[in-house]
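In what follows, every chain begins at residue 1, and chains take the letters A, B, ... in the order their sequences are listed.
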Amino acid sequence: MRAYTHLKATLEQALASLNLPVPDRMTIEPPKDEQFGHLATNAAMMLAKEAGKAPRKIAEDLKAAIENTDPAIARIEVAGPGFLNFFFTDDFWRQTVTDIREQGAAYGRLNLGQGRRVQVEYVSANPTGPLHIGHGRGAAVGDSLARILRAAGWEVSTEYYLNDAGRQMLILGKSIFCRYRQHFGADIELFDDGYKGDYIMDLARDLAAEHGRTLLDMDEDEAVSICREYGMKVILDGIKKDLQDFNVEHQVWFSERSLTEAGKVEDTFESLRNKGMAFDQDGALWFRSTDFKDDKDRVLRKSNGDLTYFASDIAYHDDKYKRGFDLVIDIWGADHHGYIPRMKAAVQALGKEADQLEVILVQLVNLLKGGEQIAMSTRAGKFETLADVVGEVGADSARFIFLSRKSDSKLDFDLDLVKEKSMDNPVYYVQYAYARINSVFRKAGETGVPVPAPGQADLSALDTLEDKLLLRCLEQYPYAVQSAARGFSPHHISFYLRELAGLLHRYYSANKILTAENESVVAARLALIDAVRHVLANGLDLLGVSAPESM
RNA sequence: GCGCCAGUAGCUCAGUUGGAUAGAGCAACGGCCUUCUAAGCCGUCGGCCGGGGGUUCGAAUCCUCCCUGGCGCGCCA
């Protein structure tokens, strides 16, 4: 990132000196092959048409304007159709080590968000059963994205939307009551759409232990209501614990009931009516989402008087924006993708821009065991819970796997592979690099080898191929944060970390550190791996994965 | 039928606001522990980037038409 920032300034100055504009589509990027420089720009090619000159001629002019005026740049080459390839001096790259060691945990922080406020809402599973592995993926993505956006300069708030009103909760109450009656010998069967999981029977049994037979004598609605509240509380406590064990945080737990009870849904209806965006037809209340490119208009209140989910979702998002968020990010299961156009329409009807709502779709997780698929369905009561999986493979492994793929592609999660301590399971590879570095520093402490302070290390000994590769990679870290933040893609961090860890392992194998040829080489290499240690720690923190001192 | 996502090495996947000879890990094969952690390193093998056409100095990336797989199209949640 230093190199980019530096070169951009130099290039703009040179363009100005030649009376050339900065082209809109100018890129400054590291080429795939370092023979084409550390950074290359297409500026000359972009200017050719406008300036009426051959791209190579413009490139030569730029080269002449920059050459020998910028002490950080060692060499410039004009290549191919008109690329300008820049090579920085070794000392320029070495400076990265000092920067990282001075900045520590702050290295890689950016100001992309410029303090704007963003809300990330994730998981938001109905409290009708334990979280399963699919929720786990959404949790990992949401939690990590929040960390990344914070690092990128956004003011982030994280939230769980609790669907504590509505039909699903009623079914939960009825399911528990049914099991409760069975517990006391009633000869009845669970109704068709009731929840079938064993945990419902556990809830009924505990409820019976607490209340005895008293619910049997009550009005059924009242008994179901008690069952519902009891079930919701216990299940919600379980969800909170599962998330905690998964190292996932929600700052705000937002209750759907609080919307309806405060009349916010009605307020939203009123506001939409006033704007002409809601209308009555066939006894129902409709939202005119076709005004905003949705396929069809959508029902808000059914002719039987019930609210649709969509209605409270609009009120909920209205509330989000009224709380002052510039950007709202929702993380949904990919099977809800058809819901996006109407939600975007709603956001616009609320007076916001469509891009102030960002929906991240998380594809389903295929849970496998030894290559064989394990079925999942909350309703059928057959699923692997998140807690089971985390208990079996650990939070770090599970999180790293979830964050190692684009969220919008299906993910095979093989329990047997994830437990393996091999490269099939890259979390160990990255953590091991961190632990290895710490091991060297422990040894340095034991044997009294001094570690130079950040500003005082003489880094000129960092001269091997492995040194250079590591220096380049360290300088790239802020880019990785940038692309993860811009693309809302935590997996960029995972890929970056795997590369950095690989270079560290290679370095470790090829270069002695504590037993290097002389003291100044030892000191320089300690400074370098200290910088690597900081970056590994910072990156792992963005994923919510621990950085172990030893393994 | 319409829409969204995906199709890149034997497998799992990166790379898509157009850049130079398309990458990584795994698997396979061959090497490396008297050495700071071998949970590691080095090397070899491996490709019509689903297919056709188009745009341009340049396409895995953009446009278009097909093929294949997943998902979604309710006054369900």
Undergrad: Reading RNA chain B from 5' onward, which residue's closest nucleotide shows up sooner: A/Ala501 or A/Ser407?
TA: A/Ser407
Undergrad: Quantified in whole Å, what is the P atom distance between nucleotide B/U21 and nucleotide B/U64?
TA: 28 Å
Undergrad: Would a line drawn from the ring center of A/Tyr479 to the ring center of A/His492 be shorter than 6.0 Å?
TA: no
Undergrad: How far, in whole Å, is B/C13 from B/G7 if one measures between their P atoms?
TA: 10 Å
Undergrad: Is A/Phe36 stacked on the base of B/A20, meaning ring centres closer than 5.5 Å and planes within 30 degrees of each other?
TA: yes
Undergrad: Answer yes or no: does a side-chain N or O of A/Arg436 lie under 4.0 Å from OP1 or OP2 of B/A38?
TA: yes
Undergrad: Enumerate the residues from residues 511-534 of chain A whose closest heavy atom to RNA chain B is under 4.0 Å, giving them by residue number; use none for an empty result.
TA: A/Asn511, A/Lys512, A/Ile513, A/Leu514
Undergrad: Under a 3.5 Å limit for both distances, which nucleotide forms a Watson-Crick or G-U wobble pair with B/A14, could you say?
TA: none
Undergrad: So A/Tyr428 and A/Ser397, side-chain contact (heavy atoms from CB on, under 4.5 Å) or not? Walk me through it.
TA: CA-CA 8 Å; A/Tyr428 290 105; A/Ser397 292; 4.0 Å; yes
Undergrad: Within 45° of the ring axis of A/Phe402 and under 6.0 Å from its six-membered ring centre, is that where the NZ or CZ of A/Arg399 lies?
TA: no
Undergrad: Pick the C1' atom in B/U16 and in B/A60, then give their distance to the nearest Å.
TA: 8 Å
Undergrad: What is the separation between atom CG on A/Asp408 and atom P on B/C13, rounded to the nearest whole Å?
TA: 13 Å
Undergrad: Side chain of A/Val440 only, heavy atoms from C-beta on: which candidate in B/G19, B/C36, B/A20 is closest?
TA: B/C36
Undergrad: NA contact type, A/Asp313, heavy-atom cut-off 4.0 Å: base, sugar-phosphate, or nothing?
TA: nothing
Undergrad: When the ring planes of A/Trp253 and A/Tyr160 are compared, do they come out parallel, tilted or perpendicular, using 30° and 60° as the limits?
TA: parallel
Undergrad: A/Phe83 on top of B/A20's base, within under 5.5 Å and under 30°?
TA: yes
Undergrad: What is the distance, rounded to the nearest whole Å, between atom CD1 of A/Ile360 and atom P of B/C5?
TA: 13 Å
Undergrad: Categorize A/Asn42 for me: base, sugar-phosphate, or nothing, with a 4.0 angstrom heavy-atom threshold over every strand shown.
TA: base
Undergrad: Rounded to the nearest 0.5 Å, what separates atom OG1 in A/Thr464 from atom CZ in A/Arg525?
TA: 6.0 Å
Undergrad: Rounded at 0.5 Å granularity, tell me how far CD in A/Gln348 sits from CE in A/Met277.
TA: 9.0 Å
Undergrad: Using atom P in both nucleotides, what's the gap between B/G46 and B/G52 to the nearest angstrom?
TA: 23 Å
Undergrad: Return a single string for nucleotides 70-77 of chain B, one symbol per nucleotide in 5' to 3' order, where B is base contact, S is sugar-phosphate-only contact and - is none, cutoff 4.0 angstrom on heavy atoms.
TA: -BSSSBSB
Undergrad: Base, sugar-phosphate, or nothing: which does A/Ser439 touch, judged by heavy atoms less than 4.0 Å apart?
TA: base
Undergrad: Respond yes when some side-chain nitrogen or oxygen of A/Tyr428 is under 4.0 Å from OP1 or OP2 of B/A39, and no when none is.
TA: no
Undergrad: Now, which nucleotide makes the Watson-Crick or G-U wobble pair with B/A28, with each of the two distances under 3.5 Å?
TA: B/U44
Undergrad: What is the nucleic acid contact for A/Ser550, judged by heavy atoms within less than 4.0 Å: base, sugar-phosphate only, or nothing?
TA: base
Undergrad: Rounded to the nearest 0.5 Å, what separation is found between the CG atom of A/Leu403 and the CG atom of A/Leu543?
TA: 5.5 Å
Undergrad: Can you tell me which nucleotide in B/G40, B/A14, B/G19 comes closest to the side chain of A/Phe495?
TA: B/A14
Undergrad: Closest nucleotide of RNA chain B for A/Asp412 versus for A/Glu29: which of these residues is on the 5' side?
TA: A/Asp412
Undergrad: How about A/Asp396 and A/Gln431: does a side-chain donor come under 3.5 Å of a side-chain acceptor?
TA: yes
Undergrad: Tell me whether the NZ or CZ atom of A/Arg75 lies within the 45° cone about the ring axis of A/Phe87 and under 6.0 Å from its centre.
TA: yes
Undergrad: Any side-chain N or O of A/His505 less than 4.0 Å from the OP1 or OP2 oxygen of B/U37?
TA: no
Undergrad: Give one of base, sugar-phosphate or nothing for A/Gln35, where a contact means two heavy atoms less than 4.0 Å apart.
TA: base
Undergrad: Once you round it to whole Å, what is the distance between P of B/A6 and CZ of A/Arg405?
TA: 15 Å
Undergrad: Roughly how far apart, to the nearest Å, are B/G40 and B/C45 at atom C1'?
TA: 22 Å
Undergrad: Quickly work out the A/Phe441 CZ to B/U37 P distance and round it to whole Å.
TA: 13 Å
Undergrad: Filter on salt bridge (charged side-chain N to carboxylate O under 4.0 Å, His left out), then keep only pairs touching residues 510-522 of chain A, sequence neighbours left out; what's left?
TA: none
Undergrad: Side chain of A/Met46, heavy atoms from C-beta onward: which of B/A14, B/C36, B/C57 has the nearest atom to it?
TA: B/C57
Undergrad: Once you round it to whole Å, what is the distance between P of B/A14 and CG of A/Leu497?
TA: 16 Å
Undergrad: Is the NZ atom of A/Lys419 crowded by more than 12 outside heavy atoms at less than 6.0 Å?
TA: yes
Undergrad: Are A/Arg436 and A/Tyr508 in a cation-pi contact, defined as NZ or CZ under 6.0 Å from the six-membered ring centre and within 45° of the axis?
TA: yes
Undergrad: Provide, to the nearest angstrom, the distance between the CD atom belonging to A/Gln431 and the P atom belonging to B/A38.
TA: 17 Å
Undergrad: In this structure, how many angstroms lie between the P atom of B/A14 and the CZ atom of A/Arg498, rounded?
TA: 10 Å
Undergrad: Find the partner of B/C4: check Watson-Crick (N1-N3 plus N6-O4 or O6-N4) and G-U wobble (N1-O2, O6-N3) distances, both under 3.5 Å, and reply none if neither fits.
TA: B/G70
Undergrad: ring-ring contact (aromatic ring centres under 6.0 Å, His included), that's the test. Do A/Tyr316 and A/Tyr161 meet it? Break it down for me.
TA: CA-CA 9 Å; A/Tyr316 177 41; A/Tyr161 181 57; 3.9 Å; yes
Undergrad: If anything within 90° of 0 is syn and all else is anti, what is B/C33?
TA: syn
Undergrad: Roughly how far apart, to the nearest Å, are B/U37 and B/A24 at atom C1'?
TA: 24 Å
Undergrad: Roughly how many Å apart are B/A14 and B/U56, using the P atom of each and rounding to a whole number?
TA: 32 Å
Undergrad: Quantified in whole Å, what is the P atom distance between nucleotide B/C2 and nucleotide B/C65?
TA: 11 Å
Undergrad: Let's see if you can work this out: which of B/A20, B/C41, B/G40 has an atom nearest to the side-chain heavy atoms of A/Ala40?
TA: B/A20
Undergrad: Within less than 4.0 Å of OP1 or OP2 of B/A24, is there a side-chain N or O belonging to A/Ser404?
TA: no
Undergrad: Go ahead and name the base partner of B/A39; Watson-Crick or wobble counts if both distances stay under 3.5 Å, otherwise write none.
TA: none
Undergrad: May I ask you to say what A/Ala510 touches in the nucleic acid, namely base, sugar-phosphate or nothing, with a heavy-atom cut-off under 4.0 Å?
TA: nothing
Undergrad: Give the nucleotide from the list B/U37, B/G15, B/G40 with an atom nearest to the side chain of A/Lys406.
TA: B/G15
Undergrad: In whole angstroms, how far is the C1' atom of B/C26 from the CD1 atom of A/Ile401?
TA: 12 Å
